[in-house]
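Data first, discussion second: the structure below is written as structure tokens.
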Amino acid sequence: MFILIGCSLLLAIGFLSAFIWSVKSGQMDDDYTPSVRILFDDPPQQDKTPDNTSLPKT
Amino acid sequence: MTIYESNMGNRQLLDTATCFHCGETCKEEILPFDNHPFCCKGCLTVYQLLSNNNLCGYYDLENTPGIQQRNPVLASAYTYLDDEKIMQQLLTYKDENIAKVIFFIPTMHCSSCIWLLEHFYKLDPSITNARVQFMKKELHISYNPKETSLRKIVTLLSSLGYEPAISLNDLEKRTQKDDHRKLSYQIGVAGFCFGNIMLISFPEYFGLDSFTQGSFSKLFGYINLVLSLPVFLFSAQDYFIAAWKGIRSKFISIDIPLALGIFVMFARSTYEVVSGHGIGWFDTHAGLVFFLLIGKWFQQKTFNTLSFERDYKSYFPIAVTVLRDNTETTLPVTSLSIGDRILIRNNELIPADAILLNGDAHIDFSFVTGESDPIRKVLGEIIYAGGRQIGHTIELEVCKKVSQSYLTQLWNNDAFAKDQRSSIESFQQLVSRYFTIALLTTAFVSAGWWLLMDPSLALNAFTAVLIIACPCALALSSPFALGTAMRILGKHQFYIKSPQVVEQLAHMDAVVFDKTGTLTQPSAAAIHFQGKELTSSEKQIIASVVSQSIHPLSQKIKSFLAQRNLLPVSTLKEITGKGLSALVNDQHIIIGSAAMANIVQQANDNLTTKVYVTIDGKVLGYFQVDHSYRDGLENVIETLRPCYDLYLLSGDNEKEKTTLLPYFKNASHMHFKQLPADKLSFIQQLQSNNKKVIMIGDGLNDAGALKAANMGISITESTSHFSPASDVIMSASMFEKLPAYLAFSKNTLKVIHASFIISLIYNIVGLSFAIQGTLSPLIAAVLMPLSSVTVIAFTTISTTFISKKGGL
């Protein structure tokens, strides 16, 4: 019984610290952009030279 | 052109082509590229840049996401960003290999924008990271300062149409936004403790004492005590601080009974647990704090992309080009001193009062005076700060410091120093004052009575009264009703600074309108041609001539005629203040004032602006500029008239007095030729007659009046544009709905009244238990959340309901 209570409290404290960590790392600062960002697909690469694409062509 | 047409298939190109980049109708020219039409060089350049870098995904996410690029920003405009001092102030972090900066980008508007800005590193490999915070319209950029410079990044951003708004305000220290995070922590901690305390209190609720026996009961009590400590010390601390502040300034607010309730609840529960009398009210205590914090959080959600505190500093540029020893340097505006010679280019702003030394000055004072026609200045004249030069570069000598110039002095007025706290007491403050007094009286009376009857129960009853009467539901009703109202209004583009403003809005009884930009629509200042209808070749000729001139009237006529193919123009002469004369196809064209066209004007004609056109000496007619009033103006005024005193204040001359008189009925309520300071004092004069005034205006010239008024509403064409400091920012397109907004605010107040009654009923029920000394922890634990939830549900639902009913 005592052990069970201890376990449940420990578990709850674990979740609390997870919450505090998430606030600290800025996850609650912006609640809109990530919902859009997740929908972005990388376009299929037409030319198979990936090194070129990351450099601007002049 | 033919390939282009056939490829585009069913799209009707020549007449209705819309730009692939910005989505505007191509009026003056169509530039085809990659089978897409573009309206101007600027848009095309952006497209080319993006397609060269494989960034055309920009156009897949949304249709025509781009931003009009017809008037690209000059590359020289950002030279000030190379200045080490300015750069230091803008960067949030810098070391040898990495520098971080946060830009505010007002033009950011859709998911394509997010996509492009977050792929910004593809355009400039020295940018290591780019993150968007859309709600704040912020772009966080990390870059390598060895490979690129802040100026290059800003120039690149601007060339794409995402010009960061950098202003004097940014240079002052940003306020920390830790408040929001602290509240998140407080809610998290309170929620965690609330849940666990409830769980541990279950045996007590169900009377499982026989099962748990004494030892467990004691253990649970101590666990609850430990769990309550963080709620009491951390989550609830703001209420104690607020209550203490209130007591010190002799101001009875709702925080006092709240803090008292929280404190008494904790103290008595601790005593009971330690002395072994019972397990106390820890569950109610944690729940109360949790609900209160939720209410606070709800109220704190404001429109943080909008700035309600802007003054001239956010309108003025950061730096200006200064001539010293014949070399051009850029200097921060704040360090301009008297005697400096400054260069002002086309479309740049004059930051300080200065004397014109060189060049042809056409100054657009629309932001300062509300007058939209540019004013010509001669050499040696003083030009007041805030004007925008239109035309060629001019040279000026500064004669007053930025902070002391004619315009900025407005901000030295007392109205700007006044405390933000409103003079109108909110309903909650009013009620809570009586409530607090009544509560304390009840507590002491019941304690006194029990002292006589049964002294052992006295302390019990006294604390029970304070616990149960803790005005949790009362404190929640206002935030939820006002917060919901604020969000509903925000959806209708009526952005309110803080929820309290909704309530204050309901108390107003006078409305003062500015004219230019508020009642009139600046962008749609309509032009029409009076005379014989123009043939298409005549239109072409006129458009060819006016396109040679940068005068705003010429530009207006040009866009009115919307001609794409222009003819070559020879021997063009522009006579300043009069008009143009030129040869096109061997025909002699004169476009300009009556005097220029040799026409005798009738005496009463001087009030409107007319531009006459003659070809080979024959008068074709004239273009007339009319101010067009906003849609629904008549309706708005008619609806407001029964409840409000209406006034008009205009910086303009009296030429529109007769057209506006039918609206305002009373000529003594209309005032023209008002300087910014006059407007301010007019508002103060109304207030001294006990009027509660709403001022509705735009530009900087209304800034004083907006600030002085009980309620300042600034109206703006686009919320990304500048709007002066005010309580409400309202989208101009929603002007018609103004009466509906005001009516809605009054109804919201009624909802608050009703919810106060509901929460008072709960309090009275609870009190009836408390004064009898029979309040059990279980009743408290049920009553408190129940009352909070009813009040929250009632206010949110009924506020939404009245908004639907009011046509919002």
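Note that the structure is a prediction, hence the values are computed from the model and not measured. Every chain is numbered from 1 and lettered A, B, ... according to where its sequence line falls, protein lines coming before strand lines.
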Next item on the list: Report, as yes or no, whether the 6.0 Å neighbourhood of atom CZ on A:F15 holds more than 12 heavy atoms from other residues, nucleotides or ligands.
Entry: no
Next item on the list: Counting only heavy atoms closer than 4.5 Å, note whether B:L199 contacts chain A via side chain, backbone, both or neither.
Entry: neither
Item checked: For B:S112, all residues meeting side chain to side chain contact (heavy atoms under 4.5 Å, CB included), sequence neighbours excluded -> B:Y58, B:L61, B:E62, B:P65, B:C110
Note to self: Quick check on A:I13 against chain B: is it the side chain, the backbone, both or neither that has a heavy atom closer than 4.5 Å?
What the structure shows: both
Item checked: Where at least one partner belongs to residues 226-237 of chain B, residue pairs that pass side chain to side chain donor-acceptor pair (under 3.5 Å), sequence neighbours excluded -> B:K182-B:Q237
Notebook entry, point to check: For B:Q493, what residues pass the side chain to side chain contact (heavy atoms under 4.5 Å, CB included) criterion, not counting sequence neighbours?
Noted result: B:Y495, B:S731, B:S733, B:M734
Next item on the list: Identify which part of B:L227 has an atom lying under 4.5 Å from any heavy atom of chain A, answering side chain, backbone, both or neither.
Entry: side chain
Checklist line | Heavy-atom pair of closest approach, residues B:I223 and A:I5 | finding: CD1-CG2, 3.7 Å
Checklist line | Heavy-atom pair count under 4.5 Å with chain A, highest-scoring of B:N196, B:V189, B:V132 | finding: B:V132
Next item on the list: First locate atom OH of B:Y185, then atom CG of A:L16, and finally report the distance between them rounded to the nearest 0.5 Å.
Entry: 11.0 Å
Next item on the list: Could you please state which residues from residues 17-24 of chain A sit under 4.5 angstrom from chain B, measuring non-hydrogen atom to non-hydrogen atom, sorted by number, or 'none'?
Entry: A:F19, A:I20, A:V23, A:K24
